[in-house]
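Contents: one structure, followed by commentary.
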Amino acid sequence: MPSLFAPACFLIFTLIGAAAAAGKVPAVIVFGDSSVDAGNNNQISTMLKSNFQPYGRDFYGGRPTGRFSNGRIPPDFISEAFGLRPFVPAYLDPQYNISDFAAGVCFASAGTGFDSSTSDVLNVIPLWKEVEYYKEYQNKLKAYVGDTKAHDIISESLYIISLGTNDFLENYYTLPSTRSKYTIDQFQDHILGLAEKFVKDIYELGARKMSLTGLPPMGCLPLERTTNFVNGNGGGCMDGYNNVALHFNGKMDGLVKKLNGEMPGIRVVFTNPYGIFMEIIRKPSNFGFEVASVACCATGMFEMGYLCDQLNPFTCSDANKYVLWDSFHPTEKTSRIIADYVVKHSLREFL
Ligand SMILES: *[C@@H]1O[C@H](CO)[C@@H](O)[C@H](O)[C@H]1NC(C)=O
């Protein structure tokens, strides 16, 4: 009997041990672009800020925090789903300090990309600088909670990595100098190489649980539809850009598998927003939306600008009826649907 009992006992303890470890995400730590920036750009000298009305009108206190939304953005909902605060504060926001950041922090900067020539276009924080801030954060964290606790937070936190759209739309398809250096296939591989390097860099710094986010259907953003319209193609989604996103996402999925096989103790998941985002755009009424092609903060026509205009008298009154908030970014309601989806489909194992 003991010979049968002992392995069963061992199995039970192993299962309990695994369950305890899996439930332990003490903080959500965010790197990326405007899809996840909680207000870092407010503190730097760039034109690319959203710290004015009507941004944030549905956020707590109706405050324009620098999130590119009428309210919360995906990391806020993800943090909430993990039983943490319902928002993730920006590292450069002077309202917060290390006592807040110990439970979650955002280093993202709108307009940035994996390639630092992308962040140069709009004079925003390059990804390597986000990592420098992360190192500074680690030092502050050690001073605040002690080395042992800091080590736990660093290794058990969920790292959300969400960028790449700007490398294509603001860099490759905007700058002839980039297009003359790479074919689109070469450029995708170049960006994936930088993504791999980034994951390895933060792994070296102690990060273990990561979500690497793929590209959205970037040809369906109103800004790109306008280009299509101007070019005489009717203002639908730009299939070319969407195909690049699909192709890139397939390669990123492969990269994630490779990283999991190669790096001891790492757990990276590929988070793919493409399908759910496309479903919302194609069948908005299934999700309770009334408008998918035009942004809430829009003139009612196709949009040319990147940002909402503070003085625009045509901004919609109920953003929950709109898939898109401005010509580049989803509304809070869309962000919530996407976040719920990725928590259920990709991040569940970290819950
Ligand atoms: C953080 O800020 C709060 C109030 O805003 C303050 O009470 C606290 O002492 C600060 N903590 C640190 C570690 O600076």
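Just follow the structure's listing: the first ligand is 1, and inside any ligand the first atom is 1. Everything numeric in this text was worked out from a predicted model, so none of it was measured. Counting from 1, the numbers follow the sequence of the chain as shown.
- Cation-pi geometry between Arg208 and Tyr203 is met: under 6.0 angstrom from the ring centre, within 45 degrees of the axis.
- At the top of the distance list for atom 5 (O) of ligand 1, counting protein heavy atoms only, stands Asn97 ND2, 4.5 Å.
- Within 4.0 Å of atom 2 (O) of ligand 1, at least one protein heavy atom is present.
- The presence of a protein heavy atom under 4.0 Å from atom 11 (N) of ligand 1 is confirmed.
- For atom 7 (O) of ligand 1, the nearest protein heavy atom lies 4.0 Å away or farther.
- Taking the centre of each ring, Tyr91 and Tyr96 stay at or above the 6.0 Å mark.
- Looking only at atom types and distance, the side chain of Asn41 has a donor-acceptor partner in the side chain of Ser109 under 3.5 Å away.
- The only option from Glu130, Glu132, Gln138 that meets the side-chain hydrogen bond (donor to acceptor under 3.5 Å, both in side chains) definition with Tyr134 turns out to be Gln138.
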